[in-house]
Peer 1: 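One structure coming up, written as C-alpha cells, with questions to follow.
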Amino acid sequence: MTELAKNRTLKALTGESRIENQNKIAYLFILPWLLGFLAFVIYPLFQTIYNTLFKITTTSLGLVYDYNLIDKGGNYGTAFRNLYFFPQMLDFVIMEATYVPTIIIVAFILAILLNTGVKGQGFFRVIFFLPVIIMSGPITGILYWNGAGGLLTYEDNVIFKMILSYSPGFAEALAGLFANFTMVLWFTGIPIILFINALQKINVNLYEAARIDGANNWQILWKIKVPIVRPTAFVTAIFTIVQLGTYTGNPVFYLIQNSIYDRGAGIGLASTFATIYSLVVFLLVGVAYLLLGRPERTKKIQLSSIQRDRMEALAVRRAKAKQRTATTR
Amino acid sequence: MNAILVKPRAAVAAAKTYYRHHKSRLNRIVAQVAIYVFLITISYVFLYPILRMVSISFMSASDLVNPEVDWFPTKITFANYGVAWTVLKGEVSLFNSIRYSGLMAIFQTIVSALTGFAFARYEFRGKKLLYTILLLSFIIPVPILLITQYNMFNSFFQSIGWTGEGKGIGTYDAQLVMAFFGQGVNSAILIMIFVNFFKMIPNDLYEAGKIDGANPFQLFWHITIRLSLSTIVVVFLFSFVWNWNEDYVTKFLVGDGILLFTNQLGKFDSLFQTRTTGMTHPDAGGEIQLVESFKMAATVVSIIPLLLLYFVGQKSFVQGIEKTGITGE
C-alpha cells in the first residue's frame with residue numbers, strides 16, 4: 001500500500017465528523033434544484049412584485065411597461081377601488097381564521113382517539129387519509145357546488161339563531177364553516193397522521209410519572225400531550241393555510257385566477273392582486289407562528305429555602321429507603 | 001319483617017360493591033363505545049360526499065327529480081358512465097393523465113433524491129440557509145409565481161421558435177422543465193422525505209464504500225438508492241397523485257392544449273353540450289339538473305385510478321407523511 005493511500009484510509013477511518021465537508025460535490029448534487037429555485041421561484045417572485053408598479057400591455061413586440069404608481073395609486077389604487085377584491089380578501093381571512101383552528105382541533109381529537117389503541121385504527125386511518133389522495137380542484141369544486149360538502153342543518157338550530165341575533169358576522173363565519181364541514185374535514189387527512197406520529201413519540205414514562213404524581217387523564221392531556229404536539233400543530237397550521245390558498249372554495253380563488261387569465265386587464269393588476277394576496281398569506285403564517293410556533297419559555301420555579309430543605313430531606317429519606325431494601329434483599 | 005328490609009339493603013350494597021369493583025371496567029367499556037360511535041360518525045361525514053357521488057352516478061333522470069329517492073336509485077343504471085366516458089374523452093385523457101403525471105413524478109423523484117442526498121450527507125457552505133429557504137419556499141403562494149412563470153415560458157418558447165401545435169405553451173413542456181429543476185408540486189415536501197430518510201443511513205456504509213474507492217456518485221447510486229427503494233416508491237406515489245390532482249398551474253401553462261381528467265372534469269358542463277350532440281343518451285331532457293348524474297359518474301371515473309393506487313400503496317402513503325419528519329425532532 002502506498003503511503004498516500006494509507007494516509008487517505010487513515011483519514012477516512014478516523015474522520016471525526018459524520019458528515020464531510022465537500023462543497024463542490026454537494027453543490028453538484030443540488031445544482032438542478034438551486035438553478036430551478038433561482039429561475040422559477042426567486043426571479044418570478046421579485047419580477048411579479050416589480051410588475052405591480054407598472055401598467056403592462058401586451059404588444060406584438062412583447063410586453064410594454066408604463067410606470068403608473070403616481071396615477072391614482074396605479075395598480076394598488078385600482079385594486080383598492082375594485083368592488084370585489086377587498087371584501088373577498090376579508091372573506092378569505094375569515095375562512096382561514098375559522099377553518100385552520102377547526103382543522104387543527106378536529107385532527108388532534110381524532111389523532112388522540114386513534115391513539116388510544118382502538119381496534120381498527122388502520123381502517124379509520126385509511127378513511128381519514130383518503131381525501132388527500134383524491135382531492136383536486138375540479139372534484140372539490142363539483143362536490144362543493146352540489147352541496148355535498150354540507151351535511152349539518154344548522155339554520156334551524158337554536159344556538160345558531162341565538163348567535164345570529166347577537167352577532168351576525170360571527171354567525172356568518174360559523175355558517176361558512178358548517179356549510180362545508182365535510183370539506184373542512186377533508187383537510188385533516190395529513191394533520192391526523194402528523195399528530196398521531198407526534199403522540200406516538202411521547203415517552204410513555206412521562207405518563208407514568210404523571211400518574212404517580214396523581215394526574216388524571218385530563219391533566220395528562222393538557223400538561224403533557226398538548227405542549228408536546230405544539231410544534232406539530234404549527235406545521236399543520238402552515239400546511240393548512242397553504243392548502244386553503246389553492247382550494248376552490250376559497251373566496252378570492254376565482255378573482256385571482258381570472259385576473260391572471262384575463263390578460264387584457266393587465267398583468268400589472270394581476271400581479272398586484274397576487275402580491276397583496278401573498279402578503280396576507282404571509283401575515284397569516286406570521287400569526288400562526290406567534291400563536292403556535294414560538295419556542296415555549298420554560299418557567300423557572302423559585303423554591304423557598306424551606307421547600308428546598310424539605311425536598312432535600314425527602315431525597316435523602318428515599319435514598320436511605322432504597323438502600324435498605326437493597327441490603328435486605 | 002327484618003328479613004324483608006334487609007334483603008333490598010343487601011341487594012343495594014351488593015350492587016354498590018359490584019359497581020365499585022367493576023367501575024373502571026365499566027367506564028372503559030362505555031368510553032370504548034363512545035369512541036367507536038364518534039369515529040364511525042366522523043368516518044361517515046368523511047365519506048358522505050363520495051357515497052353521495054357514487055349513489056347519484058347510478059341514478060336515472062327520473063330518480064334524480066324523484067323526492068322519494070334519497071340514497072338508492074330505483075333502478076341501477078350504468079348508462080351514465082358511458083356518457084361520462086364520452087364527455088371526458090376517456091380513452092385520450094386517461095392515457096394523457098397517466099403519462100404526464102408519471103413523467104412529472106419521475107423527474108421530481110430524481111431531482112428530489114439528488115437534492116435530498118446533498119442536504120443529508122454533506123456539510124457545505126450555506127447549507128442551513130438553503131435548507132431554510134427550501135422549507136420557506138413551500139409557503140409562497142402559487143399565483144405570485146405563476147404570473148411571471150407564464151411570461152417567462154411564453155417569451156422563451158417564442159424566442160426559440162418552439163410554438164404551434166403540441167409545442168410550447170399549451171403543452172406540458174413548461175411544467176416538465178420546472179419539475180426537472182425541482183420546482184414541481186410540493187417539491188419541498190418530497191425533498192424533506194428524502195433528507196430524513198437518507199440521514200438514517202449509517203455512515204459506516206459510505207466509509208466502507210470510500211475505502212473501496214467509490215466516487216460520490218457511485219456512493220449515491222450503490223448505497224443510497226439501493227437502500228431507499230421503499231422511500232423512492234413513496235415519493236413517486238405522492239408525486240404522481242399530486243401531479244394528477246394539480247390543476248392550478250396546469251390551467252395556465254397547459255390550458256386546453258392537452259386533454260386530462262382534471263381539466264375535462266373542470267368544464268364538464270360545457271363539454272357535455274358539445275360532445276353529446278347527436279348522441280342518444282338515456283335522459284335526453286336537456287335540463288341542467290339532469291347533467292348531475294353524468295357529472296358524478298365522470299367524477300367517479302376520474303378518481304378510480306387514484307383509488308386503485310391508494311388501496312395498493314396505502315401503507316406507503318401514510319408512512320411517507322410520517323417520514324417527512326416535519327413532526328419536529
Side-chain angles (χ1 to χ4, degrees), chain A residues 9 12 18-23 25-27 29-30 32-33 35-36 40-41 44-45 47-48 110 113 116 118 124-129 133-139 142-143 148-149 151 182 185 190 193-194 197-198 231-232 235 238 242 245-246 256 260 267 270-271 274-275 277-278 281 285, chain B residues 32 35-36 38-39 42-43 45-49 52-53 111 114-115 117-118 121-125 137-149 151 155 178 180-183 203 207 210-211 216 241 245 247-248 252 262 265-266 295 299 303 306 310 314 317-318 321-322 326-328:
Chain A
T9 319
R18 205 184 82 79
I19 304 166
E20 57 236 81
N21 199 336
Q22 281 170 306
N23 279 329
I25 293 164
Y27 271 102
F29 273 109
I30 60 165
W33 172 80
L35 284 179
F40 303 125
V41 177
L45 182 67
Q47 179 66 41
T48 306
L110 287 176
L113 291 182
T116 50
V118 289
F124 287 118
R125 264 212 235 184
V126 168
I127 291 177
F128 297 156
F129 199 71
I133 306 297
I134 59 170
M135 205 144 91
S136 71
I139 287 169
I142 284 173
L143 297 176
L151 183 64
T182 301
L185 280 185
I190 287 179
I193 303 292
L194 292 180
N197 205 20
T232 311
V235 171
I238 290 184
V242 171
T246 51
I256 289 183
I260 307 176
I267 300 165
S271 300
T275 305
Y277 171 72
S278 301
V281 171
V285 170
Chain B
Q32 284 275 310
I35 289 174
Y36 275 115
F38 185 72
L39 285 178
I42 291 280
S43 303
V45 181
F46 259 85
L47 294 179
Y48 176 81
R52 194 86 212 151
M53 178 176 80
V111 178
L114 287 171
T115 316
F117 180 72
R121 171 106 193 99
Y122 295 113
E123 204 61 63
F124 51 93
R125 205 170 295 141
S137 71
F138 181 68
I139 60 168
I140 300 174
V142 184
I144 196 169
L145 303 177
L146 197 53
I147 295 171
T148 305
Q149 281 170 352
N151 291 341
S155 55
M178 289 205 286
F180 184 75
F181 285 104
Q183 306 303 328
N203 199 39
E207 296 299 350
K210 249 191 294 176
I211 290 167
V241 167
N245 286 333
D247 72 320
Y248 203 97
F252 294 103
T262 40
L265 197 60
K295 209 172 178 178
T299 317
I303 63 171
L306 297 176
Y310 182 54
Q314 182 259 116
F317 279 112
V318 173
I321 287 301
E322 287 172 351
I326 45 180
T327 48

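Computed from a predicted structure; not experimentally measured.
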Peer 1: How many angstroms lie between atom OG of A:S271 and atom CG of B:L146, to the nearest 0.5 angstrom?
Peer 2: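 If I round to the nearest 0.5 Å, the distance is 11.0 Å.
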Peer 1: Minimum heavy-atom separation for A:I267 to B:I147, with atom names?
Peer 2: CG2-CG2, 3.4 Å
Peer 1: Which residue out of A:V242, A:L185, A:V281, A:L35 racks up the most heavy-atom pairs below 4.5 Å with chain B?
Peer 2: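 Heavy-atom pairs under 4.5 Å are most numerous for A:L185.
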Peer 1: Passes side chain to side chain contact (heavy atoms under 4.5 Å, CB included), A:I30 versus B:F124? Steps please.
Peer 2: CA-CA 11 Å; A:I30 60 165; B:F124 51 93; 3.9 Å; yes
Peer 1: Out of curiosity, B:I303 CD1 to A:I134 CD1, how far, rounded to the nearest 0.5 Å?
Peer 2: 4.0 Å
Peer 1: Please state whether the side chain, the backbone, both or neither of A:V126 comes within less than 4.5 Å of a heavy atom of chain B.
Peer 2: both
Peer 1: Do A:T48 and B:L145 come close enough that some side-chain heavy atom pair is under 4.5 Å?
Peer 2: no
Peer 1: Any side-chain heavy atom of B:T115 sitting closer than 4.5 Å to one from A:F29?
Peer 2: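 No - every pair of side-chain heavy atoms lies 4.5 Å or more apart.
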Peer 1: Can you name the nearest heavy-atom pair linking A:I133 to B:Y310, along with the distance?
Peer 2: CG1-CD1, 3.4 Å
Peer 1: For residues B:I139 and A:I238, determine if any side-chain heavy atom of one lies less than 4.5 Å from a side-chain heavy atom of the other.
Peer 2: yes
Peer 1: Taking atom CZ of B:F180 as the centre, report whether more than 12 heavy atoms of other residues, nucleotides or ligands fall under 6.0 Å from it.
Peer 2: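 At most 12 heavy atoms, drawn from other residues, nucleotides or ligands, come within 6.0 Å of this atom.
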Peer 1: Do A:V41 and B:Q183 come within less than 4.5 Å of each other through their side chains, counting heavy atoms only?
Peer 2: yes
Peer 1: Show the nearest heavy-atom pair for residues A:A26 and B:A118, with the distance to one decimal.
Peer 2: O-CB, 3.6 Å
Peer 1: For B:M178, which atoms come within 4.5 Å of any heavy atom of chain A: side chain, backbone, both, or neither?
Peer 2: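 For B:M178, the contact with chain A is made by backbone and side chain together.
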Peer 1: Just wondering, do A:L45 and B:T148 contact through their side chains at under 4.5 Å, heavy atoms?
Peer 2: no
Peer 1: Given heavy-atom pairs under 4.5 angstrom as the criterion, report whether the side chain, backbone, both or neither of A:F129 touches chain B.
Peer 2: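 Both parts, heavy atoms under 4.5 Å.
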Peer 1: Would you sort out whether B:Y122 and A:I25 count as a side chain to side chain contact (heavy atoms under 4.5 Å, CB included), showing the intermediate values?
Peer 2: CA-CA 8 Å; B:Y122 295 113; A:I25 293 164; 3.6 Å; yes
Peer 1: What residue in B:Y36, B:F117, B:F181, B:F138 has the most heavy-atom pairs under 4.5 Å with chain A?
Peer 2: B:F181
Peer 1: Starting at OG of B:S137, measure out to CH2 of A:W33 and round the result to the nearest 0.5 Å.
Peer 2: 6.5 Å
Peer 1: If you measure from CD1 on B:I144 to OH on A:Y277, what distance do you get to the nearest 0.5 Å?
Peer 2: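 That separation rounds to 11.0 Å.
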Peer 1: Between B:L39, B:L306, B:L114, which residue shows the highest count of heavy-atom pairs closer than 4.5 Å to chain A?
Peer 2: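 Winner by heavy-atom pair count: B:L39.
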Peer 1: Heavy-atom cut-off 4.5 Å, strictly under: side chain, backbone, both or neither for B:S43 against chain A?
Peer 2: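 For B:S43, the contact with chain A is made by backbone and side chain together.
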